[in-house]
Amino acid sequence: MLPAFGWHAVLTQWQFAPVVTVAVSVAAAGYLWGAWRVARRHPARPWPWWRTALFLGGLAVVVLATQSGIGAYDDVLAWDHMVQHLLLLMVAPPLLVAGQPVTLLLHASRNPLHTWAKRAVRSRTAAFLTWPPFGLAAYCATIVGTHLTVLSRLILQNQTLHNAEHVLYLIVGYLFFLPLLGHEPIKWRVSYPIRLLVLALAMPVDTFTGLVLGYAGRGDVVPTGPRPPGAPAPVQDLHWAGAIMWIGGDAIMLVFIMVALWMWAKDDQASLGGWLEAARRSNFEELVAGQARTAVPVPGNPRGPEAPGQSEPAAAGQGAIDDDEHLAAYNAYLPRLDAAAPDASRRRP
């Protein structure tokens with residue numbers, strides 16, 4: 001029998017899962033190798049350290065959910081089992097998405113791996129799997145199917161199915177959050193209103209599942225092994241699990257909605273800054289290019305305004321308004337302003 005569940009048990013009741021340990025170690029080593037490779041090939045622009053931290057944080061959440069006390073008690077406490085589900089479905093995948101492992105692979109790899117990765121990302125299979133409606137449907141089906149159907153009983157009674165459930169949560173969570181919170185080079189570029197809509201549509205599924213579990217009776221309790229000291233009664237345990245799914249799941253999804261709003265505001269500021277810069281450069285180009293075409297002869301320039309040496313460079317510099325030709329034309333325009341000022345003062349009564 002396991003001891004009473006608590007923070008001490010979470011930190012001390014660790015169980016070794018070889019498959020999880022190997023998978024996490026390989027993923028972490030591959031990611032760190034990619035970051036090192038990018039830093040070596042592009043010293044001026046290394047891979048962002050914070051993306052590395054987020055990706056490794058996602059792997060750490062996987063280890064915490066499966067090998068710490070949370071994983072040790074998931075067969076005997078329904079509410080702890082639900083905490084594990086939220087970690088694997090709604091916490092670890094977004095962190096892995098934020099790490100952008102696909103982009104890192106494309107930057108760090110060479111042929112033939114680079115070509116294979118590009119083809120895989122651009123394939124029809126990848127386009128379908130990362131399609132937001134598919135991700136939403138898979139998320140809803142996974143939540144309902146693993147909690148409100150007979151599959152939930154089979155998972156608790158079969159360790160192989162239980163481990164497969166963990167893998168399913170990671171894959172579905174990654175595919176769901178990838179087009180909504182990620183910046184990987186996939187086919188879909190989802191607008192921010194649609195991102196918010198998809199996240200909002202996922203919330204009622206968590207609420208519905210939590211409410212169903214919250215009103216479950218004795219017939220819905222799945223028999224498990226010996227319960228640890230201080231554990232709630234089986235029905236109350238199931239009610240707590242429903243409350244965690246309802247309140248915890250909706251709270252986490254609300255956080256992601258706020259993250260999407262922040263990303264939207266950040267992109268709008270960048271777009272506004274780019275638009276203002278484009279407008280400034282366009283106005284400056286029109287002013288300088290127009291004055292270069294109509295400029296009068298400047299002292300020391302015997303060729304005049306229509307000399308080929310002046311008109312052709314002005315036309316060639318339309319794409320780069322801060323080049324020498326435009327600056328020379330602008331400097332030629334300044335003496336005209338100085339000459340026009342005394343004439344205007346003499347015409348005044």
Side-chain angles (χ1 to χ4, degrees), residues 7 10-11 14 16-71 83-110 113-114 117 121 130 135 139 166-167 169-186 190 192 195 199 248-249 251-267 269-270:
W7 288 109
V10 171
L11 299 177
W14 284 76
F16 178 67
V19 176
V20 176
T21 301
V22 172
V24 169
S25 300
V26 170
Y31 193 94
L32 292 175
W33 172 85
W36 171 82
R37 184 74 176 269
V38 171
R40 183 179 179 184
R41 296 175 62 181
H42 307 284
R45 299 185 61 182
W47 186 252
W49 65 268
W50 56 272
R51 291 200 180 278
T52 303
L54 290 175
F55 187 84
L56 296 180
L59 296 180
V61 171
V62 174
V63 173
L64 180 67
T66 56
Q67 300 193 59
S68 71
I70 296 176
V83 170
Q84 183 189 59
H85 287 185
L86 294 183
L87 290 176
L88 294 176
L89 183 63
M90 302 182 67
V91 178
L95 293 175
L96 299 177
V97 168
Q100 293 189 1
V102 177
T103 302
L104 178 61
L105 175 62
L106 293 176
H107 284 321
S109 61
R110 294 181 178 178
L113 179 59
H114 181 81
V121 172
T130 57
Y139 178 87
H166 297 166
V167 177
Y169 283 160
L170 289 174
I171 294 176
V172 170
Y174 187 87
L175 295 177
F176 174 72
F177 288 108
L178 177 59
L180 305 179
L181 303 178
H183 294 280
E184 298 283 21
I186 60 176
V190 186
Y192 284 102
R195 299 186 191 194
L199 291 172
I252 295 174
M253 199 65 72
L254 182 60
V255 171
F256 292 139
I257 290 177
M258 300 302 296
V259 171
L261 288 172
W262 173 78
M263 294 169 60
W264 189 1
K266 186 178 179 181
D267 284 354
Q269 290 179 356

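- Nearest heavy-atom pair, P94 versus L181, reported as atom, atom and distance to 0.1 Å: CB-CD1, 4.3 Å.
- Judged by distance alone, with hydrogens and angles left aside, the side-chain atoms of R51 form no donor-acceptor pair with the main-chain N or O of Q100 at under 3.5 Å.
- Annotation for V62 and L88: closest pair CA-CD2, 4.3 Å, computed over non-hydrogen atoms.
- Inter-residue side-chain proximity for M263 and V259 is flagged as met; some heavy-atom pair is nearer than 4.5 Å.
- Between D267 and Y192 there is a side-chain heavy-atom pair separated by less than 4.5 Å.
- Nearest heavy-atom pair across L105 and A117 is CD2-CB, 3.9 Å.
- Looking at R37 and R110, their side chains come closer than 4.5 Å, going by heavy atoms from C-beta outward.
- A pairwise comparison of heavy atoms in V102 and Y174 identifies CG2-OH, 4.2 Å as the closest pair.
- Taking 4.5 Å as the limit, every side-chain heavy atom of M253 sits out of range of all side-chain heavy atoms of M258.
- Between the side chain of Q84 and the main chain of A65, a donor-acceptor pair closer than 3.5 Å is present.
- Between the side chain of Q67 and the main chain of F16, no donor-acceptor pair closer than 3.5 Å is present.
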Handout entry: Check against side chain to side chain contact (heavy atoms under 4.5 Å, CB included), T103 and H107
Key = CA-CA 6 Å; T103 302; H107 284 321; 3.6 Å; yes
Practice task
Start with the C-alpha distance between L59 and F55, add both sets of side-chain angles, then the distance that settles side chain to side chain contact (heavy atoms under 4.5 Å, CB included), and finish with yes or no.
Solution key: CA-CA 7 Å; L59 296 180; F55 187 84; 3.7 Å; yes
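- Closest heavy-atom contact between S68 and V10: CB-O, 3.6 Å.
- For the side chain to side chain donor-acceptor pair (under 3.5 Å) test, no residue two or more places apart in sequence or in another chain qualifies with T66.
- In this structure, I252 and F256 have side chains that are in contact, with non-hydrogen atoms separated by less than 4.5 Å.
- Using a 4.5 Å heavy-atom cutoff, the side chains of P185 and L106 are in contact.
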Handout entry: Stepwise side chain to side chain contact (heavy atoms under 4.5 Å, CB included) test for L54 and L96
Key = CA-CA 7 Å; L54 290 175; L96 299 177; over 6 Å; no
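- At least one side-chain heavy atom of P101 sits under 4.5 Å from a side-chain heavy atom of E184.
- Nearest heavy-atom pair, F177 versus P93, reported as atom, atom and distance to 0.1 Å: CD1-CB, 4.4 Å.
- Using a 30° and 60° split on the angle between ring planes, Y139 and F176 fall in the parallel class, below 30°.
- Interatomic distance, L87 CG to L64 CG, rounded to the nearest 0.5 Å: 6.5 Å.
- Under the side chain to side chain donor-acceptor pair (under 3.5 Å) criterion, Y31 pairs with W47, sequence neighbours left out.
- Residues V63 and T21 have side chains not in contact (no heavy-atom distance under 4.5 Å, counting atoms from C-beta outward).
- Rounded to the nearest 0.5 Å, atoms CG (L89) and CD1 (I171) are 12.0 Å apart.
- Between L178 atom CG and I186 atom CD1 the span is 4.5 Å, to the nearest 0.5 Å.
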